[in-house]
Structures are given as structure tokens and as C-alpha cells.
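Below, each value reflects all heavy atoms present in this structure, side chains not excepted, and no hydrogens, waters or symmetry copies. Computed from a prediction, not measured in an experiment: that's the story for all the values here. Within every chain, numbering begins at 1; the chains are lettered A, B, ... in the order of the sequence lines, protein sequences first and strands thereafter.
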Amino acid sequence: MRWSRYFLYTLRDNPSDAEVVSHQLLARAGMIDKLAAGIYTYLPLGWRSLEKLARIVREEMNAAGSVELAMPCVQPAELWQESGRWQFYGKELLRIKDRHDREFCFGPTHEEVITDAVRRRVTSYRQLPANLYQIQTKFRDEIRPRFGLMRGREFVMKDAYSFHTSAASLDETYRAMERAYRRVFDRCKLSYTAVEADTGNIGGSESHEFMVLAATGEDAVVACECGYGANAEKATTAPIAPPPPWPGAAPAVPEQVHTPGATSVPDVAAFLHLDPSHFIKTMIVETDAEFAVALVRGDDEVNEIKLKNVLGATHLQLAAEAKVEQVTGGGMGFSGPVGLVGVRVVADPEVMRMAVAAAGANRADYHVVGVVPGRDFTPAIVADIRVARAGDPCPRCGGPLVVKRGIEVGHIFKLGTKYSAKMACNFLDEAGAVQPMIMGCYGLGVGRTVAAAVEQNHDDAGIVWPRPLAPFEVELIALNPDVPAVREAAERLYADLEAAGCEVFYDDRDERPGVKFNDADLIGFPVRVVVGKKGVEQGQAELSLRRDRVKTPVALADAVAKVRELLAGL
RNA sequence: CGGGGCGUAGCUCAGCCUGGUAGAGCACACGGUUCGGGACCGUGUGGUCGGAGGUUCAAAUCCUCUCGCCCCGACCA
């Protein structure tokens with residue numbers, strides 16, 4: 001492709017609204033163009049990257065036994081009412097009406113549509129399992145779109161859905177999808193990790209996220225050298241080290257102490273000369289159904305996702321100050337588990353392991369010391385509700401955990417019968433009994449993966465594309481196109497490279513060298529070939545890799561072979 | 001939805017406080033000199049100052065409303 005006949009306009013300045021580097025570079029490299037908040041045009045160069053990834057995804061999905069189809073992006077409300085999500089999905093679901101005032105939504109995901117398509121055709125265990133996927137534009141009216149393609153409202157996603165007669169069959173496909181995802185991200189040359197994840201409001205029994213590791217990632221992942229990895233929302237740990245010994249003799253019975261104005265654990269700890277880990281941190285939360293109390297050790301944090309799951313709630317938030325007083329009788333910052341009645345108390349196991357502790361007294365400006373968990377209070381539930389921290393022992397091997405940042409590019413779920421049961425997507429088993437199908441779903445963010453690739457592969461000058469995702473593989477620059485010998489040499493090289501099957505992008509513009517070099521660095525095609533006046537006089541071109549930008553002269557006659565050699569090594 | 005900020009040329013921004021002929025750099029067009037890491041000189045093109053209403057002799061500037069965008073938070077297949 002010749003630049004002069006393409007549609008590519010690079011930007012010298014970062015768009016003022018671009019915050020993260022992938023957004024800045026994709027915009028400056030003329031690959032995406034924002035139309036509205038979280039809504040982008042994929043310009044020709046950007047679309048090529050998405051298509052390259054889509055092709056890889058297709059190959060791997062097909063190889064793993066999934067079958068491609070395409071579903072509508074506009075979906076009737078009836079299906080969503082049937083699954084119950086018309087009510088639950090909230091404002092993220094973009095609802096629209098047609099001219100007859102009938103309700104539709106723009107699909108954020110396609111469980112309902114695929115389940116409907118399957119139930120109208122599949123009736124027997126003999127027809128299962130089935131595994132279908134599509135690559136399609138979705139819309140989710142995110143509260144706050146940001147970071148360019150990383151969190152758009154409209155985005156391209158590959159979504160697959162599988163249907164099974166048994167958990168074992170689902171597991172088989174789930175593993176196949178996991179392997180397919182690994183192959184996709186391996187082929188993209190991305191550094192990633194697969195982690196256990198919370199199933200969120202989609203529901204289901206097992207779930208993994210594929211995280212591309214990048215400093216700017218939105219999600220924290222907890223990982224161990226032994227291979228354990230989990231989303232920070234989900235991560236568990238082996239028992240952590242106990243608090244240091246209680247200074248002096250702890251009171252034999254709980255004893256109230258005056259702690260005026262000290263509401264945070266560090267403040268009270270300093271005031272009473274205790275360690276934060278001697279405290280029981282007591283958080284009052286409000287769910288869709290009740291008030292509840294969460295207890296973690298003073299140096300820990302409550303993991304609201306874990307807590308939500310333990311409580312069986314769909315929404316959870318910290319209770320407002322007035323509510324705290326209502327529940328505990330004390331003010332915010334003086335809550336404790338002793339003497340609380342009328343609310344469910346959830347304690348983290350680490351709290352129950354404490355020999356003796358300090359906590360709020362449920363009375364303004366007072367705390368209580370000498371509290372013994374199990375003796376002075378008995379929680380309704382003991383469950384892991386703490387946030388795993390870096391350095392905590394791995395739940396599998398006991399080694400120290402590390403926390404990294406990642407970008408969620410894929411998410412696979414075992415859905416079970418959540419949708420099939422509600423929507424009567426049933427089959428007859430061998431015994432002739434009606435059973436709901438067991439489902440899995442498998443998402444892969446195509447645009448987000450491209451953005452993640454940029455996030456992970458760039459330098460000060462611009463993008464450094466991994467070859468499989470590069471819009472073009474080779475950039476050919478004619479430095480002085482007005483010099484006939486240069487023009488001829490470049491034109492010949494261009495034709496030869498194309499004939500050799502290379503994806504060449506030929507910068508034939510009448511621009512100064514610096515402009516061309518800077519654009520080449522910005523756009524980041526893996527291999528660069530420069531044809532200049534001096535080189536041509538000596539029958540040479542210059543090759544370099546975007547990765548290291550080390551320049552090597554090569555005879556014009558050997559250039560094509562050398563380019564192919566370089567590409568093969570990428 | 002809460003808090004904060006911003007909408008002025010294709011892009012990045014100044015001007016607004018203190019009302020008085022709409023600016024700069026880049027980009028673009030033409031001429032000339034340049035030409036291996038974002039050249040220079042000259043001459044130009046280009047803006048209903050997001051929109052509506054109000055105050056005023058006079059509004060980009062002050063006031064009200066409204067729309068859009070960004071950041072922080074809460075939220076998140």
C-alpha cells in the first residue's frame with residue numbers, strides 16, 4: 001500500500017482527552033478517531049489490526065471446535081424479560097424503541113439470543129454439545145467510559161456460548177476454550193496471565209480471566225511463582241502471620257477505654273500503643289436486603305466482592321454514618337462486634353484466629369480491649385472476606401504472593417443453568433427426562449486486546465507492534481522520491497516485496513526525512529526499509545527493526561530476502 | 001449519580017478575572033530556498049468563540065439555562 005493513496009493522517013500532538021498511552025498512540029497513529037464518549041471510528045490502519053486479531057481468534061476458535069455465526073445487535077426486550085435481566089441489568093443496557101413503540105436493547109452480550117436460537121432447534125441429548133461464537137460490535141452504556149479502546153461503550157468482542165448435557169461435558173469445552181485463548185494470546189506475543197475470577201452478576205460456578213500484564217492495567221491480579229493466579233477480587237491466601245504479642249498483659253475480660261476522636265485503626269493503635277493487627281476492623285454495610293457487619297483484622301481491608309457473595313447480595317455499599325449509629329449505637333469509627341444484635345456478622349477467619357483483640361465499643365469515643373473472638377462475640381458467618389495483599393502466603397504453595405496490574409482481555413465462565421432454566425432451554429436425556437442445558441460463555445475483547453498490545457508494546461517514539469497485530473509488517477521509506485534513481489529503486493523494492501507476499505506500507509510522500517522517520521516510529525510497523533540517495537548510489541538500502549532501531553545496510557538485490565528473514569525471526 | 005475541570009481554526013492552546021475590530025504554534029494552499037530524524041522565508045485560506053436566553057450602547061469575556069467532553073469517586077459482561 002502506498003501512503004499517498006491510503007487514508008492515514010497522523011497527529012503531532014496528543015488529543016487532549018487521551019489519558020492512557022494506548023489511547024494517545026492509537027489516536028496519534030491515525031488508527032482510531034473518537035466520535036462520542038466511548039465510541040470510536042476504527043480508521044483503516046486500526047481496523048487492519050482488529051481484523052488481524054479477529055482472524056487469529058477465528059482460526060483458534062474454529063480449531064477448538066466452535067462454530068461461527070452472527071447475531072443481531074438489536075434485541076427484543078421480551079427475551080431479556082424472560083431471563084430476568086431486563087430488570088437487573090440497569091442503565092448499562094441501552095434501551096431503545098422502534099417506531100411502533102416496541103422495546104429493544106442494543107446487545108451488550110448475547111446469552112438470551114443464543115439461548116433462544118438453541119432452544120428452538122435442540123431437543124435431544126444427541127444434538128449436544130454445541131459451541132457457537134461470533135465477532136461483533138457490542139454496546140454497554142458504561143457509567144464512565146475511558147481509556148480509549150480499553151473501556152469503550154461500543155466495542156468489538158468475540159463471544160462464544162456452549163451448551164451441554166453434563167458438567168463433565170461443559171468442563172471439557174471450558175478447558176478447550178481456555179487452551180484456545182492461550183493460543184490466541186501466545187500468537188499475539190502478549191505477556192498475559194490467566195487468573196481465577198469472580199463470576200460477578202453473570203453468575204456461574206467457575207470463571208477465569210485472561211489478563212494482559214501492563215502497568216496501566218485497571219485490574220489487580222495476585223500471582224505466585226507456583227502458577228496460582230487470581231483476580232484481586234477473588235484471591236485467597238493461606239493463613240497469614242499472627243499479630244505480634246500483645247504488649248504487657250491483656251485484660252482478662254473486655255474493658256472499655258476512652259479514645260476521644262480516634263476513629264481510624266492506625267490512630268487508635270497509636271493512641272493505645274497497640275499494633276493495627278491487634279484490632280478487629282468493623283465495617284457496617286448495607287445490601288439490597290439488609291444491614292450487615294463485616295469483621296477483618298485491623299491491618300486488612302474488606303473485600304466487598306467476597307463479602308457480597310458471602311451475604312448472597314446483589315448490591316452492597318458501606319452504610320452511611322446515620323445508619324451506622326442506628327445499627328451499632330455508636331458513631332462511625334467506634335464500631336465493634338461485641339454486643340451487636342439484630343444484624344448478621346461476617347468474620348474473616350483471620351479474626352477468629354486472633355487470641356485477643358481490640359475493637360470499637362459501639363459507643364462514641366470508646367474502644368474495648370481484651371476481646372476474645374468466639375468468647376465475647378460469635379459471628380453468624382465465618383468466611384474469607386479480606387483483600388489479599390502482596391507478600392501473603394500463596395493458598396497452594398505457601399510462597400509469597402505478588403500483586404500485578406493487568407488488563408482484562410478475556411473472560412470465560414461456566415454459567416450452569418442460569419439462562420437455560422429461566423428460558424426453558426431444555427433437552428431430553430437418555431432416560432427421556434427433561435433437563436435444562438448446562439451452559440458456558442467465553443468472551444474476548446478484540447479492541448481491548450489491540451489496545452492492551454499497544455499498552456504493553458511501545459516506547460517514547462510510538463507503538464512497537466508485535467508482528468501478528470501490526471497493520472502492515474514492513475514500512476518502506478523513499479527518502480528522496482524526487483531523485484529518479486531513488487524513486488526507481490524504491491518502486492522496484494515495493495513491487496518486489498509485494499510480489500514476495502510481504503505486507504508493505506510504502507511511504508512515498510513528498511515529506512522531509514525527519515517527518516517520515518517520526519511517523520514510521522509512531523506507527524510502529526515491525527520492519528523498516530529505507531531507500532536514500534547515498535545508499536542507492538552504492539546499491540544499498542537500510543534495514544532496521546522497530547524494536548531496537550538498529551540500522552543495517554543491505555544490498556538492494558538482497559533486500560527482499562533479508563526482509564523476509566527478519567520477519568521470520570519476529 | 002456525587003465532586004472538580006474544560007468547550008475559541010483540522011490539532012494543541014492563549015485571550016475571559018478587569019466587556020470595546022477574534023489570536024499564536026502546528027496543519028493546509030501558493031512561490032522560493034531546503035532535503036538521512038518533526039526545515040526556513042514570504043503570501044494566503046480557514047472560526048455563527050458548543051447552543052439558547054438575559055444584562056449592556058457594546059458579550060468569547062458578566063448572569064441564567066442547556067448540550068457535549070475530560071478527570072476523581074462510586075460502578076462494571
Answer with base, sugar-phosphate or nothing: what part of the nucleic acid does A:Glu304 contact at a heavy-atom distance below 4.0 Å?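 Contact class for A:Glu304: sugar-phosphate only.
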Sub-4.0 Å heavy-atom contacts from residues 26-36 of chain A onto RNA chain B, ordered by number: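 The answer is A:Arg28, A:Lys34, A:Ala36.
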Can you pull out the residues from residues 150-161 of chain A that lie within a 4.0 Å heavy-atom distance of RNA chain B?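 Result for residues 150-161 of chain A: A:Arg151, A:Met157, sorted by number.
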Length of the line joining A:Asn14:CG and B:A27:P, which is rounded to integer Å: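 Rounding to the nearest Å, CG of A:Asn14 and P of B:A27 are 17 Å apart.
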Could you check how far NZ of A:Lys516 sits from C1' of B:C35, rounded to whole Å?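 So the NZ-C1' distance, A:Lys516 to B:C35, works out to 10 Å.
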Separation of the [atom1] atoms in [N] and [M], to the nearest angstrom:
| N | M | atom1 | answer |
| --- | --- | --- | --- |
| B:A22 | B:A59 | C1' | 13 Å |
| B:G47 | B:A27 | C1' | 15 Å |
| B:C71 | B:U12 | P | 14 Å |

With no angle test and no hydrogens, is the base of [N] tied to the side chain of [X] by a donor-acceptor pair under 3.5 Å?
| X | N | value |
| --- | --- | --- |
| A:Arg146 | B:G73 | no |
| A:Glu511 | B:G38 | no |
| A:Arg12 | B:U12 | no |

Between A:Val536 and A:Gly445, which residue's closest nucleotide on RNA chain B lies nearer the 5′ terminus?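 It is A:Val536 whose nearest nucleotide is closer to the 5' end.
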Go nucleotide by nucleotide along RNA chain B from the 5' end; which of A:Ala37 and A:Gly514 gets its closest nucleotide reached first?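 By nearest-heavy-atom nucleotide position, the 5'-most residue is A:Gly514.
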Is it the case that the side chains of A:Asp159 and A:Tyr161 hold a donor-acceptor pair, with the cut-off being a distance below 3.5 Å and no angle test?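 The answer is yes; a qualifying pair exists.
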With no hydrogens and no angle check, just 3.5 Å: does a side-chain donor-acceptor pair link A:Asp519 and A:Thr10?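 Side chains of A:Asp519 and A:Thr10: pair found under 3.5 Å.
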Looking only at side-chain atoms of A:Glu142, point me to the closest of B:G38, B:C76, B:C35.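 Given the options B:G38, B:C76, B:C35, the side chain of A:Glu142 is closest to B:C76.
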Any strand is fair game: report the nucleotide pairing with B:C30 by Watson-Crick or G-U wobble, both distances under 3.5 Å, or none.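 By the stated definition (distances under 3.5 Å), B:G42 pairs with B:C30.
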